[in-house]
Number of protein chains: 2
Amino acid sequence: MVSQLSIIVSKELYIKDPISSELGEKILSQGLILMHEIGLEDFNFKKLSQKINSTESTIYRYFESKNQFLFYLFNYYWSWMDYKLALAVANIEDPKTRLKRAIKLVTKTVEDDLTTNYINENLLQQVIMVESSKTFLSKKVDEENKLGYFKLYKNFITNLSTILLEINPRYPYYSSLVSTIIESVFHQRFFSQHLPKLTNNISQDEQLEDFFFQLCLQTITNYNENGKNESF
Amino acid sequence: MVSQLSIIVSKELYIKDPISSELGEKILSQGLILMHEIGLEDFNFKKLSQKINSTESTIYRYFESKNQFLFYLFNYYWSWMDYKLALAVANIEDPKTRLKRAIKLVTKTVEDDLTTNYINENLLQQVIMVESSKTFLSKKVDEENKLGYFKLYKNFITNLSTILLEINPRYPYYSSLVSTIIESVFHQRFFSQHLPKLTNNISQDEQLEDFFFQLCLQTITNYNENGKNESF
DNA sequence: CAAACTTAATAGTATTACTATTATATTTGC
DNA sequence: GCAAATATAATAGTAATACTATTAAGTTTG
């Protein structure tokens, strides 16, 4: 019943590890489904407890708040993506191909990974798309950062930055560019579904990939160190 | 007492126009200050009513919900930015200079515009930075879009896109690139304050401008139409 | 087989995001 | 200048939320 995958979410992110019991796995899997269905704002442990025929207080023995539950999903996602990134670029030498594969990974629609029965990765991606920026856009961000809630996200950004720097080690804004791409992938996908005027109909993975790969490659390869002082 | 500026927020965004009375202006100005202080999540009309020595129900005669109040601020901001954009590029011929000025506008820290005593534009920018993506990242987005709540935002994106297209009319992802830049400006500023590992310390306006100007210019001028099919 | 732990059931609390009602004060139209 | 309309204040109330606390029954483990 317990995962073979090395997706590890640290102890700060739960009271009792949900993947340590069947009930916990049910909380996770059904919690994800419910959050996908009704959104973070309307999601609560009472509704979830009804869905799984348990009680609110039981769920509170696993997660101290719905916020912590969201952070659990958030860290799970980035841990899983980090593992996927390592796989995607393993044994590939050419820097541009490595970048291309990395961008493909972050822009592609994920399918459910059937080795984990307690997480539907496709739903997880959709939930993270909509809810993830709410993890940091709050007054509690500094506190939560100290608790390590953003560790796996920062880790992923760092690992992806390394790939950019292989192409141009002198590009100075590597982390900013990567975090821009990552956040924007979610926004562009969301916009194409709900506010299409803000995009150019790049709902398909291929177009998303083309847009971000070119943006990234052109930006890092053509960076002009004297650009700041250039006058037009 | 009433504004000279042509910042017009449409009737869907309030019950009673706040800039039509002194109390309304107080709700606006103090509401903005309070939201900046405690964040959207902790902000409510009860606290605001206490701050202005009025009552909750009175505030509800101006705005039907705190969500609508946020949308009011959001639309006010984009209306104001649109006006600023028009000013920034007026009578400038050279496309690159126009782009440079536009990027400067969106990346710069705003100072309070003293002609409006009911809105501190510097605080508004900070509030929009943190809270604006919460306007669309919700299950209500389609409904709110139909009500026209995103009209001024989409307008600004369109106007900025036009400036990109003057440089390369064949660049296909003009709206996506602009919305990416706009959203990312807020994120980068936020990250440099709270999650600096996700950026390269681009807290200063100059660096933000350099990062985004180059990203934008290199992406549109070097776009390779056959990039999709290129194999590495 | 007793101790420890997990879960379920129930109850309770402070806060939130409103709605409703009434009374008083202020503005406006004729 | 006064009645009618409107704005505001004061108060009360509601359903839902995000929890905490308590107890009891069931299950696991050493």
Side-chain angles (χ1 to χ4, degrees), chain A residues 1-2 11 13-31 34-35 37-73 118 131 134-135 138-140 143-144, chain B residues 1-2 11 13-31 34-35 37-73 118 131 134-135 138-140 143-144:
Chain A
M1 277 295 151
V2 168
K11 290 187 203 308
L13 287 156
Y14 49 77
I15 294 175
K16 182 179 172 178
D17 191 356
I19 61 171
S20 68
S21 75
E22 289 214 19
L23 183 68
E25 293 191 358
K26 220 170 161 186
I27 289 168
L28 246 191
S29 62
Q30 297 295 305
L34 186 61
M35 197 176 290
E37 209 176 298
I38 64 179
L40 179 67
E41 281 69 33
D42 289 342
F43 174 93
N44 64 47
F45 286 170
K46 187 163 203 173
K47 287 176 188 165
L48 178 54
S49 71
Q50 281 158 0
K51 198 180 172 84
I52 63 172
N53 289 310
S54 182
T55 60
E56 249 185 301
S57 45
T58 298
I59 299 172
Y60 277 107
R61 302 188 86 262
Y62 284 85
F63 294 104
E64 65 184 45
S65 64
K66 85 167 174 182
N67 204 39
Q68 195 188 42
F69 181 68
L70 176 63
F71 270 106
Y72 185 96
L73 295 177
Y118 48 90
E131 317 296 357
K134 297 170 192 167
T135 59
S138 101
K139 288 283 170 187
K140 288 183 259 166
E143 192 189 313
E144 288 161 340
Chain B
M1 277 295 151
V2 169
K11 290 188 203 306
L13 287 156
Y14 49 78
I15 294 174
K16 183 180 173 177
D17 191 355
I19 60 172
S20 68
S21 75
E22 289 215 17
L23 183 68
E25 293 192 358
K26 220 169 162 187
I27 289 169
L28 247 192
S29 61
Q30 297 295 306
L34 186 60
M35 196 176 290
E37 209 175 296
I38 65 179
L40 180 67
E41 280 69 33
D42 288 342
F43 174 93
N44 63 47
F45 286 171
K46 186 161 204 175
K47 286 176 188 166
L48 178 55
S49 71
Q50 281 158 1
K51 198 180 172 86
I52 62 173
N53 289 310
S54 182
T55 61
E56 250 185 301
S57 46
T58 299
I59 298 172
Y60 277 106
R61 302 190 84 260
Y62 285 85
F63 294 103
E64 63 184 45
S65 63
K66 88 167 172 182
N67 204 40
Q68 195 188 43
F69 181 68
L70 175 63
F71 270 107
Y72 185 96
L73 295 177
Y118 47 89
E131 317 295 358
K134 297 170 193 168
T135 59
S138 100
K139 289 281 171 187
K140 288 183 259 165
E143 191 190 314
E144 288 161 341

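Given the structure is predicted, the values throughout are model-derived calculations rather than measurements. Chain letters run A, B, ... following the sequence lines, proteins first and then strands; every chain starts at 1.
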Return the value, rounded to whole Å, for the distance between atom [atom1] of [X] and atom [atom2] of [N].
| X | N | atom1 | atom2 | value |
| --- | --- | --- | --- | --- |
| A/E22 | C/dA8 | CD | P | 12 Å |
| B/I15 | C/dA17 | CD1 | P | 16 Å |
| B/N44 | C/dA17 | CG | P | 6 Å |
| B/D42 | C/dT15 | CG | C1' | 11 Å |
| B/L48 | C/dA17 | CG | C1' | 14 Å |

Contacts of type side-chain contact (heavy atoms from CB on, under 4.5 Å), residue B/S57, not counting sequence neighbours: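 By the side-chain contact (heavy atoms from CB on, under 4.5 Å) rule, B/S57 matches B/T55.
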
Distance from [X] atom [atom1] to [Y] atom [atom2], nearest 0.5 Å?
| X | Y | atom1 | atom2 | answer |
| --- | --- | --- | --- | --- |
| B/F69 | B/I59 | CZ | CD1 | 8.5 Å |
| B/L40 | B/I38 | CG | CD1 | 9.5 Å |
| A/Q30 | A/L48 | CD | CG | 8.0 Å |
| A/N44 | A/L34 | CG | CG | 8.0 Å |
| B/K66 | B/F43 | NZ | CZ | 7.5 Å |

A/Y14: partners by ring-ring contact (aromatic ring centres under 6.0 Å, His included), with sequence neighbours left out: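 Listed in chain order: nothing, the list is empty.
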
Sugar-phosphate only, base, or nothing, as touched by A/K16 at under 4.0 Å among non-hydrogen atoms: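 The residue A/K16 makes sugar-phosphate contact but no base contact.
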
Touch class at under 4.0 angstrom, heavy-atom based, for B/F63 against every strand present: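 Answer is nothing: B/F63 stays at 4.0 Å or more from every strand.
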
Side-chain donor or acceptor of A/K134 paired with backbone N/O of A/N67 under 3.5 Å: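 Such a contact is absent between A/K134 side chain and A/N67 backbone.
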
Salt bridge (charged side-chain N to carboxylate O under 4.0 Å, His left out) partners of residues 44-63 of chain A, not counting sequence neighbours, each pair once: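 Pairs touching residues 44-63 of chain A that pass the test: A/E37-A/K51.
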
Residue pair A/E144 / A/S138, side-chain heavy-atom distance below 4.5 Å: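 Touching, per the 4.5 Å side-chain cut-off.
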
Which atom of B/F71 lies closest to which atom of B/T135, heavy atoms considered: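 Between these two residues, the closest heavy atoms are CZ-O, 3.4 Å.
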
Stretch residues 64-71 of chain B: residues that reach within less than 4.0 Å of DNA chain C through a heavy atom: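 Those residues whose heavy atoms fall under 4.0 Å from DNA chain C, taken from residues 64-71 of chain B in numerical order, are B/E64, B/S65, B/K66.
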
Within residues 53-62 of chain A: residues closer than 4.0 Å to DNA chain D (heavy atoms):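 Heavy-atom contacts with DNA chain D come from A/E56, A/S57, A/Y60.
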
5' to 3' contact window, DNA chain D with chain A (heavy-atom distance under 4.0 Å):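 The protein-touched segment is D/dT17 to D/dA21.
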
